[in-house]
Amino acid sequence: MNRAPILLAFIALLLVALSACSAPNGQPQKGSEPLAPNEVLEFGTLYAQNCAGCHGTEGRGGAAIALNNPVYLAIADEKAMRNVIANGVRATSMPAFAQSAGGMLTLQQIDALTNGMFSEWQRKGILDGVNPPSYAAKTAANVDHGKLAFETYCASCHGAEGGGTPKGSAITNDSLLALVSDQGLRTIVITGRPELGAPDWRANVSGKPMSDQEITDVVAWLASRRVQNPGQSYSPEDDPQHLEKSKCPPSL
């Protein structure tokens with residue numbers, strides 16, 4: 001009778017038993033514990049937990065712009081993006097994520113997010129042979145020229161005053177403008193919102209891309225439409241509480 005197979009099976013069982021006893025009773029084995037939140041450095045996990053709620057699954061867009069947009073990543077400033085993730089954008093819906101600014105992420109995790117977006121989603125050479133506008137404005141803006149440029153490039157979809165049409169959303173809505181910075185507006189004008197069918201700066205008018213100056217001017221005109229009290233369907237002076245307070249004698 002060949003006992004070799006039985007002997008080999010016994011040795012295998014013995015090795016399994018010994019490996020199970022390699023750690024003291026009640027203590028987890030090395031590598032079995034989940035990572036602490038501040039130790040997670042995998043890009044997909046960090047993005048899903050911190051960014052997807054606004055920017056969409058895999059960066060495809062949601063309430064905020066699509067970050068998985070090769071045109072956006074071709075013109076975006078990587079250093080500026082890292083700063084925005086870390087410190088947020090004041091007076092907008094973009095919060096700070098760095099621990100140093102009140103967020104939950106370490107600087108290593110901020111780097112992992114920023115580097116991951118570019119390494120995973122950037123498409124090299126997508127703007128080769130094109131002279132794209134600068135990511136940030138470099139010249140002074142002219143609001144009046146901006147209105148003319150808006151009428152030329154944007155009004156056909158968004159309406160003459162930006163109030164929206166069946167082809168495009170309202171982009172002078174006071175609540176929207178209150179939640180988007182000037183740089184955010186510029187980014188949308190340049191890169192479009194492909195997830196919504198909105199073209200980039202080259203395709204608003206066939207064969208006539210917007211110039212860098214026209215983009216700067218359009219952003220200035222849009223910014224000029226912001227109001228002091230966004231989201232109000234009435235004037236503060238019509239507020240019953242305001243009227244009641246106005247009847248009270250001044251405080252001593």
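Everything quoted here is computed from the prediction, not taken from an experiment. Numbers for residues simply follow the sequence, beginning at 1.
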Quiz item: Are any non-hydrogen side-chain atoms of L73 and T191 less than 4.5 angstrom apart?
Solution: no
Quiz item: Do T216 and R186 meet the criterion of a side-chain donor-acceptor pair at a distance under 3.5 Å?
Solution: yes
Exercise. Just grab all the side chain to side chain donor-acceptor pair (under 3.5 Å) pairs involving residues 39-52, residues at least two apart or on different chains.
Key: E42-T45
Practice problem: Give a yes or no on whether R226 atom CZ has more than 12 heavy-atom contacts from other residues, nucleotides or ligands under 6.0 Å away. | Solution: yes
Quiz prompt | Heavy-atom side-chain contact between N204 and C154 under 4.5 Å | solution = no
Quiz item: Which atoms form the tightest heavy-atom contact between G163 and T172, and what is the distance?
Solution: N-OG1, 3.8 Å
Quiz item: Should R82 and D111 count as side-chain neighbours, where that means a heavy-atom distance under 4.5 Å?
Solution: yes
Quiz item: If you look at every heavy atom in G231 and S175, which pair is closest and at what distance?
Solution: CA-OG, 3.4 Å
Exercise. State which residue, out of Q213, E214, K208, fulfils the side-chain contact (heavy atoms from CB on, under 4.5 Å) condition with M210.
Key: E214
Exercise. Output, in order, the C-alpha distance, side-chain angles, deciding distance and verdict of side-chain hydrogen bond (donor to acceptor under 3.5 Å, both in side chains) for S134 and D212.
Key: CA-CA 7 Å; S134 61; D212 195 300; 3.2 Å; yes
Quiz item: Which heavy atom of F43 sits nearest a heavy atom of M117, and at what distance?
Solution: CE1-N, 3.6 Å
Self-check item: Gap separating the CD1 atom of I65 from the CG atom of L196, nearest 0.5 angstrom
Solution: 11.0 Å
Exercise. Kindly write out the residues that satisfy salt bridge (Lys or Arg N to Asp or Glu O under 4.0 Å) with R60, not counting sequence neighbours, or none if the list is empty.
Key: none
